[in-house]
Amino acid sequence: MNLEMIPLAMGAVLVVAMLLEIRVGRIPNWLTLLPFLLFAILLVFTEDRTPLYWQMGLAAGVFVFGLVLFAIGGSGAGAVKLITGTALFIPFENAFITFLLLIAIFFGSSIIIVPLRKMLGSEDSSWHILANPVLPLSFSIGLAGLLGMFAFSG
């Protein structure tokens, strides 16, 4: 089995999640469960699992943080599952920079999305992001996750 393809599959999951949330406003459950399935395959077939255990710990912490955000209305359940699944694929040494990127991308994208919605948006738009006053968390999660998985790899 070619285990190097699994992070690429995870990258595809992130891209699909970003596009779906921007278009329809939701991240389907089947899509948010794919990272956990991909990670389970990786866990079974990887010889040295030590780095994966660190990533599982990181994901557990991210999940608790996501639950708090969900409880106060700061995110949807799909975003919590997506960010937790993404954390499984972020090398532990890239976790802090990935978190900083997530924050920067979230605020940076809001500077772009809000004026874009004012210029092009309407209530009858078929694109969720243009019809509703929302900031899709999957965009920030996906872009930061892709950078955390691939940009800082040695």
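For the single chain, residues carry numbers from 1 onward in sequence order. Please read all numbers here as calculations on a predicted model, not as lab measurements.
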Inter-residue atom distance [X].[atom1] - [Y].[atom2], 0.5 Å rounding:
X	Y	atom1	atom2	answer
I90	T98	CD1	OG1	4.5 Å
L137	I83	CG	CD1	8.0 Å
L42	M5	CG	CE	13.5 Å
L82	L31	CG	CG	7.0 Å
R49	M56	CZ	CE	10.5 Å
I141	L101	CD1	CG	13.5 Å

[X], [Y]: one ILVMFWY side-chain cluster at the under-4.5 Å cut-off?
X	Y	result
V62	F65	no
L14	L135	yes
I22	V134	no
V68	F99	no

Practice problem: Tell me, please, which residues at least two apart from R23 pass side chain to side chain donor-acceptor pair (under 3.5 Å). | Solution: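 S126.
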Practice problem: Using the test side chain to side chain donor-acceptor pair (under 3.5 Å), find all partners of S138 that sit at least two apart in sequence or belong to another chain. | Solution: E21
Quiz prompt | Co-members of the apolar cluster containing F70 [side chain, <4.5 Å] | solution = F63, L67, V80
Quiz item: Given a cutoff of under 4.5 Å between side-chain heavy atoms of I, L, V, M, F, W and Y, with clusters grown through shared members, what are the other residues clustered with V64?
Solution: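 Members alongside V64: none; it stands by itself.
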Check residues 105-114 and write down every donor-acceptor pair under 3.5 Å in which the side-chain atom is one partner and the other belongs to a residue at least two apart or another chain.
unit_1	atom_1	unit_2	atom_2	d
S109	OG	I105	O	2.9
S109	OG	F106	O	3.0
S110	OG	F107	O	2.6

Quiz prompt | Test item: L8 and F150 side chains (from C-beta on) under 4.5 Å apart, heavy atoms | solution =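 Yes, close enough: below the 4.5 Å cut-off.
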For the residue pair [X] and [Y], what are the closest heavy atoms and their distance?
X	Y	result
N94	G148	ND2-O, 2.9 Å
S125	L130	OG-CB, 3.5 Å
A79	I27	N-CD1, 4.0 Å

Exercise. Any ring-ring contact (aromatic ring centres under 6.0 Å, His included) involving residues 73-93? Give me the pairs, sequence neighbours left out, ordered by first then second residue.
Key: F39-F89, W54-F92
Quiz item: Stepwise, does the side chain to side chain contact (heavy atoms under 4.5 Å, CB included) test hold for F139 with I129?
Solution: CA-CA 11 Å; F139 181 76; I129 194 172; over 6 Å; no
Once side-chain hydrogen bond (donor to acceptor under 3.5 Å, both in side chains) is applied, what residue pairs with a partner in [range] remain, sequence neighbours excluded?
range	value
residues 64-80	none
residues 25-35	N29-K81
residues 111-124	S122-D124

Sequence neighbours left out, what passes side-chain contact (heavy atoms from CB on, under 4.5 Å) with [X]? Give chain and number order.
X	result
V15	M18, L19, L146
P51	D48, Q55
M119	L116

Exercise. Could you please spell out the steps behind the side chain to side chain contact (heavy atoms under 4.5 Å, CB included) verdict for T86 and M10?
Key: CA-CA 8 Å; T86 302; M10 180 58 201; 3.5 Å; yes
